[in-house]
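What follows is a single structure, written as structure tokens, with notes after it.
Throughout, protein chains are lettered first and strands after them, A, B, ... in sequence-line order, and every chain is numbered starting at 1.
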Protein chains: 2
Amino acid sequence: MRQEDAPLVRTLPLFAGASETTVEKLLQASFLQRFPAQVELISEDQPADFFYVVLEGCIELFANAGPKQSTAAIVRPVSSFAAAAVLRDGNYLLSARTLEPSRVLMIPGESVRAAFAGDAAFAKAFALELAAAYRRTMKALNNQKLRTAIERLANYLLQEHQTQGAAGNLTLPTEKQTLASLLGMTSENLSRSFGALAAHGVKVTGREIQLSDITSLETIAKPTPLIDDPMY
Amino acid sequence: MRQEDAPLVRTLPLFAGASETTVEKLLQASFLQRFPAQVELISEDQPADFFYVVLEGCIELFANAGPKQSTAAIVRPVSSFAAAAVLRDGNYLLSARTLEPSRVLMIPGESVRAAFAGDAAFAKAFALELAAAYRRTMKALNNQKLRTAIERLANYLLQEHQTQGAAGNLTLPTEKQTLASLLGMTSENLSRSFGALAAHGVKVTGREIQLSDITSLETIAKPTPLIDDPMY
DNA sequence: AAGGGTACTTGATATTTATCAAGCAATTTA
DNA sequence: TAAATTGCTTGATAAATATCAAGTACCCTT
């Protein structure tokens, strides 16, 4: 990667405690790439050559099975993906595409494993990233198995509302079809679920959402930190 | 833990490359415990005091949300759970109970984090354990979102059939209600799904299952290594 | 500004899944 | 051994979700 980008990248939490030489070696082998929207960065079942850190924009991780497709996660700055695949030196489990123009740090798997072996602080940071991914996924699984579509949507809105400042409104960060897939339902079902939540103070205008009755929405959502708190 | 148990425990893959002193320190602080069936070892939302390695028996990991309950995983020897919670020094995301009389190695979180920081080989082995858990969970999420109940059951049977020697028959390792919860359906639905698979050579006698038409079952299941191969 | 494409919504219907209720079977307990 | 408990199955029904088919609104391009 280019020298002038190095200072920015060094501030990443992933590199926080790592030694100068570790970071040096990692960055020397890495690529800091810009991609336009709708580019497929990786394809499931391919050898995991790179570990990805999202610096700007937004990446969708998704899985295919026959004609069906499911969004597993949306990755936003500053976060990463493909940690498990790279550590195991295996294949990607998910495909990834940019949803917006994005800037991504690509670190070769080889380099990641070398840094993991040689620098305990980096190893800890990397493993914590992996642990965070594990917990997000487990929460998504519980969300899917224990809740109905309307409950998942209600909880998503409450969480996004919180993230965006709890000002009584929020903006959907993705297209509704992507949100539907993330929440494990069809587009049509998402549309109707929004309709059903109108009775609980949810007003939809394109991607703009107004929440006028949080209490009522929480009654429907029954949120629990074990599933809905991103920090948990 | 007792001295005479040490030799057995030292052969664990988790300790394979670790230094003598690392293993020594870990085991000194650990407990090798036997539990009868149906004992709740950990409860979700509690501080993650111990990392667990299952040496004998069988542990169910499950989540609660209100009156509902969902089995997230069944852990068998030699495998572990609570890696992410312990590394983060956070709270358990899942509860755990023994399904059979079990023998479990309990390593204090403190000790795990110390060993992780001080021994690169242990750190690698521990992170690989975490990576395996992540991928299992992601596969379970895709399984749940991309497939119907019958497809999930069909794939489960094929996988278990493979694991148990591909001899045309298999034994369900748990009660059917536990299997139902693991596969994300009700008991009643599991019963009917077995009924539906009778047309594809699946004969059920208690926990004994006979598969007389693997080809037909695979047509229904449409297995893919990305979801169904435990090694992937 | 017009046209074309895409995302979204809505309605009608089918499928999947859950719930409720009863009964059966196996196992445990007294 | 009898009773009781528990796990499982089956039937009837309800709820949740997906599918198919239009239709509408919006964005993008020219």
Side-chain angles (χ1 to χ4, degrees), chain A residues 36-38 60 65-71 97 99-101 143-157 171-199 202-209 220-222, chain B residues 36-38 60 65-71 97 99-101 143-157 171-199 202-209 220-222:
Chain A
Q38 301 301 332
E60 177 188 12
K68 285 191 163 185
Q69 188 163 304
S70 162
T71 302
R97 74 165 73 94
L99 291 181
E100 306 168 5
N143 194 34
Q144 187 68 32
K145 286 176 76 178
L146 291 165
R147 287 174 169 162
T148 67
I150 291 181
E151 288 169 344
R152 293 197 295 276
L153 175 58
N155 278 295
Y156 175 86
L157 293 176
T171 307
L172 299 180
T174 66
E175 291 184 348
K176 282 180 186 152
Q177 49 186 330
T178 307
L179 177 59
S181 182
L182 180 67
L183 295 178
M185 62 184 94
T186 58
S187 262
E188 295 95 324
N189 200 0
L190 176 63
S191 224
R192 289 185 238 273
S193 296
F194 269 123
L197 289 182
V202 176
K203 191 176 172 188
V204 181
T205 316
R207 283 205 196 171
E208 299 302 315
I209 314 287
I220 294 295
K222 292 165 290 260
Chain B
Q38 300 301 332
E60 176 188 12
K68 284 190 163 186
Q69 187 163 305
S70 161
T71 301
R97 74 164 75 91
L99 291 181
E100 306 168 6
N143 194 34
Q144 188 68 32
K145 287 176 75 178
L146 292 165
R147 287 175 169 161
T148 67
I150 291 181
E151 288 170 343
R152 293 196 295 277
L153 175 58
N155 279 294
Y156 175 86
L157 293 176
T171 307
L172 299 179
T174 66
E175 290 183 348
K176 282 179 188 154
Q177 49 185 328
T178 306
L179 177 60
S181 182
L182 179 68
L183 295 178
M185 63 184 94
T186 58
S187 260
E188 295 94 324
N189 199 359
L190 177 63
S191 224
R192 288 185 237 273
S193 296
F194 269 124
L197 289 182
V202 177
K203 191 176 173 187
V204 181
T205 316
R207 284 205 195 172
E208 299 301 316
I209 314 288
I220 294 294
K222 291 166 291 256

Using whole Å, report how far [atom1] of [X] lies from [atom2] of [N].
X: A/Gln177; N: C/dG5; atom1: CD; atom2: C1'; answer: 13 Å
X: B/Arg207; N: C/dT27; atom1: CZ; atom2: P; answer: 11 Å
X: B/Ile209; N: D/dC8; atom1: CD1; atom2: P; answer: 11 Å
X: A/Gln38; N: D/dC27; atom1: CD; atom2: C1'; answer: 15 Å
X: A/Leu183; N: D/dA18; atom1: CG; atom2: P; answer: 11 Å
X: B/Glu208; N: D/dC8; atom1: CD; atom2: C1'; answer: 16 Å
X: B/Gln144; N: D/dA16; atom1: CD; atom2: C1'; answer: 14 Å
X: B/Ile150; N: C/dT17; atom1: CD1; atom2: P; answer: 7 Å

Close side-chain approach of A/Ile209 and A/Phe194, heavy atoms under 4.5 Å: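 When only atoms from C-beta onward are counted, A/Phe194 and A/Ile209 do touch, with a gap below 4.5 Å.
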
Do A/Leu157 and A/Leu197 have side-chain heavy atoms sitting under 4.5 Å apart?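 A/Leu157 vs A/Leu197: side chains touch.
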
Using modelled atom types only, decide if a donor and an acceptor are shared between the side chain of [X] and the backbone of [Y] within a distance under 3.5 Å.
X: A/Glu151; Y: A/Thr148; result: yes
X: B/Lys176; Y: B/Gly206; result: yes
X: A/Arg152; Y: A/Leu183; result: yes

Check DNA chain D against residues 187-197 of chain A and give the residues with a non-hydrogen atom under 4.0 Å, in numerical order.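 Residues of residues 187-197 of chain A under 4.0 Å from DNA chain D: A/Glu188, A/Asn189, A/Arg192.
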
Distance-minimising heavy-atom pair for A/Leu99 and A/Glu60: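 Result for this residue pair: CD2-OE1, 3.4 Å.
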
Heavy-atom pair of closest approach, residues B/Leu182 and A/Lys145: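 Scanning both residues completely, I find the closest heavy atoms to be O-NZ, 3.1 Å.
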
Looking only at the side chain of A/Lys68 (C-beta and beyond, no hydrogens), which of the listed nucleotides D/dT17, D/dT19, D/dC8 gets closest?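 The closest nucleotide is D/dT19.
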
Of the listed nucleotides D/dA16, C/dA7, D/dC8, the one nearest the side chain of B/Lys176: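 Shortest atom-to-atom distance from the side chain points to D/dC8.
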
Which part of the nucleic acid does A/Thr186 contact within heavy-atom distance under 4.0 Å: base, sugar-phosphate only, or nothing?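 Contact class for A/Thr186: base.
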
